[in-house]
Amino acid sequence: MLNIKNRFNLCHDKKSLWNLSLVGLYIILVYLPDITRYKNIVMILIGTTALYYLVRYFRQVINSLRSHLFLSVLLFVLAMFYSVGISIDPALSFKEMNKPILNGLLLFSFTFPILLYQESKEHIAKMILVSFIIGMAAISLTDIAKYIINYHATGEMPFKNFNHREFSYGFIFYFPVLLCTWALWKKHSLLSWVLLIIASAMSLFLLLGTLSRGAWVAVAVATVFIIVINREWKLTLVATICLGLLAGTTHWTTASNPDTRLLFYKLTQTDSSHRYHNGTQGSAWSLIMENPIKGYGFGNKIYHQVYDSRVADYPDWTSRISLGPHNIFLSLWFSAGIFGLITTLLMTFSALLTGGQIIRQNKGIVRQVGLILLSAFIGVFIVRGTFENAYINQIGILFGLMLALYKKTPDKAI
């Protein structure tokens, strides 16, 4: 009898290692450039395993998906199908919807909870924490290597172009792990403060090098949110002093230095790309108000077609060619009309509620990982999405992990 039990535990341990490793590996790889083939292989393994669990343990798996967050995702996907149906070019809209919505948001929100439904919340939280740390280190080292290679190849200096802008997407996604790991660190010794300052300085350099103000604001909001939730008042004081010194030093060194003139311009600019009155967002608002209920159809290319066909009727618009709405909420309202706006807001509030419940109902590492996921969602989707179009497919990763952690009953192994 004991031998049978040991074999069962060994089998479960191997299955658990497989499930956690697949999800963790994809989290690490998702923002690394030029490895699409390997990401697809991991995703195929995730999908195949999730399908097996769905067939083998259908009732238990379906129970793991019973959540207002998953329901809101389904309603949002339904709204996007509606946007394809009413589109001026349905084939083009479906093609643009396929990757971010079906193979991104829906796929991750569906497969991750299924893959992790047998795992304990503590094991899931540890996997997420380690994966985010490794992912953050991987993209940071990759970006540093890019600086070094470009300098030796062309003499390129930091802050002179937008070649590192893509790094900002992964940085906002992983960044909360830096502050939440600090909260889990029991002894804040002098050495730990030095390590935090070094890590923060490197992160700040890489973040400024993106020249993306939307990313800067997103990271600032996520930082304040985490500090307030964790009540890290010493960290607040240190951050305030460092930011004050940084602001003074930056103004003094960049204002007259031609190598940092672009950085100074981005730091002092208040209306990037003329977003508001008759700019990217202002013009998007004008188009939406012409057809606020029905919408026009999903996709940036659909937006470009409509914009370029109507620009002659709006001589006050700043740009004579479409630059996109630069706002994820306006973009989805444009795509699916009022149905798209309502389901987007419903999905957003459901994610905030789910993340908040994970934080309130748990302690220790599970609570901090819940804070990581919620902060990443606020930064990636809400804050940055207010200034530009967010990558919706990566939001599905956060939703899938939230659903896996959001369990009201004790975990039971099968």
Side-chain angles (χ1 to χ4, degrees), residues 19-20 23-31 46 64-65 67-70 72-73 76 104-117 119-136 139 169-184 218-219 221-230 347-385 390-408:
N19 298 335
L20 294 169
V23 176
L25 182 59
Y26 193 84
I27 294 171
I28 293 170
L29 297 178
V30 64
Y31 282 105
I46 290 174
S64 70
L65 294 173
S67 164
H68 55 81
L69 177 56
F70 188 70
S72 69
V73 171
F76 176 80
L105 174 66
L106 181 60
L107 182 63
F108 297 133
S109 299
F110 182 69
T111 57
F112 281 13
I114 292 177
L115 219 64
L116 301 174
Y117 86 99
E119 313 303 329
S120 70
K121 288 191 285 189
E122 286 71 22
H123 287 168
I124 296 172
K126 289 176 183 177
M127 177 273 293
I128 295 172
L129 187 70
V130 171
S131 300
F132 270 61
I133 291 173
I134 297 175
M136 180 72 167
I139 64 168
Y169 292 97
F171 186 90
I172 301 171
F173 186 88
Y174 293 124
F175 170 75
V177 77
L178 181 63
L179 299 179
C180 291
T181 302
W182 173 259
L184 289 169
V219 169
V221 171
T223 300
V224 172
F225 180 71
I226 293 171
I227 288 175
V228 170
I229 296 296
N230 283 334
M347 185 175 67
T348 301
F349 288 126
S350 294
L352 293 174
L353 180 59
T354 301
Q357 288 176 326
I358 294 171
I359 295 170
R360 287 195 306 271
Q361 295 174 1
N362 297 278
K363 297 180 180 179
I365 188 171
V366 178
R367 182 178 190 272
Q368 292 303 317
V369 167
L371 185 55
I372 289 172
L373 298 177
L374 183 56
S375 302
F377 172 72
I378 291 172
V380 171
F381 190 75
I382 297 178
V383 179
R384 190 164 197 182
Y391 286 164
I392 299 179
N393 46 341
Q394 268 77 52
I395 301 301
I397 297 175
L398 299 175
F399 287 175
L401 297 174
M402 283 184 185
L403 288 166
L405 280 177
Y406 182 64
K407 296 179 180 179
K408 295 182 180 180

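Since we're looking at a predicted model, the values are computed, not measured.
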Distance in Å, [X] [atom1] paired with [Y] [atom2], rounded so as to fall on 0.5 Å steps:
X	Y	atom1	atom2	answer
Glu119	Leu116	CD	CG	6.5 Å
Asn19	Met127	CG	CE	9.5 Å
Leu403	Leu401	CG	CG	9.0 Å
Leu373	Ile358	CG	CD1	6.5 Å
Ile124	Glu122	CD1	CD	9.0 Å
Ile134	Ile139	CD1	CD1	13.0 Å

Using the ring-ring contact (aromatic ring centres under 6.0 Å, His included) criterion, which residues pair with [X]? Sequence neighbours excluded.
X	value
Tyr391	Tyr169
Tyr31	Phe173, Tyr174
Tyr26	Phe108

Side chain to side chain donor-acceptor pair (under 3.5 Å) partners of [X], counting only residues at least two apart:
X	result
His123	Ser120
Asn362	Lys121
Gln394	none

Do you know which two heavy atoms are closest between [X] and [Y], and how far apart they sit?
X	Y	value
Ala376	Pro176	N-CG, 3.9 Å
Ser109	Leu65	O-CD2, 4.2 Å
Leu405	Ala125	CD2-N, 4.3 Å
Ile359	Gly370	CG1-C, 3.9 Å
Leu129	Val369	CB-CG2, 4.3 Å
Gly104	Asn393	CA-CB, 3.6 Å

Residues in side chain to side chain contact (heavy atoms under 4.5 Å, CB included) with [X], at least two apart?
X	result
Leu107	Met43, Thr111
Ser350	His68, Leu69, Ser72, Leu346
Leu25	Leu29, Val42

Test side-chain contact (heavy atoms from CB on, under 4.5 Å) applied to Leu352 and Ile382, step by step: CA-CA 10 Å; Leu352 293 174; Ile382 297 178; 4.0 Å; yes
Criterion side-chain contact (heavy atoms from CB on, under 4.5 Å) on Phe112 and Ile46, from CA distance to verdict: CA-CA 8 Å; Phe112 281 13; Ile46 290 174; 3.9 Å; yes
Side chain to side chain contact (heavy atoms under 4.5 Å, CB included) partner of Gln368, chosen from Leu179, Asn230, Thr181: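 Exactly one option meets the side chain to side chain contact (heavy atoms under 4.5 Å, CB included) with Gln368, and it is Asn230.
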Selection residues 362-384 - residue pairs positive for salt bridge (charged side-chain N to carboxylate O under 4.0 Å, His left out), sequence neighbours left out: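 Found Arg384-Glu388.
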Selection residues 373-382 - residue pairs positive for salt bridge (charged side-chain N to carboxylate O under 4.0 Å, His left out), sequence neighbours left out: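 Listed by first then second residue: nothing to list.
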Full working for side-chain contact (heavy atoms from CB on, under 4.5 Å) between Leu105 and Phe76: CA-CA 10 Å; Leu105 174 66; Phe76 176 80; 3.4 Å; yes
Pairs meeting criterion ring-ring contact (aromatic ring centres under 6.0 Å, His included) with involvement of residues 362-384, two or more places apart: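 Those involving residues 362-384 are Phe329-Phe381, Phe377-Phe381, Phe377-Phe399.
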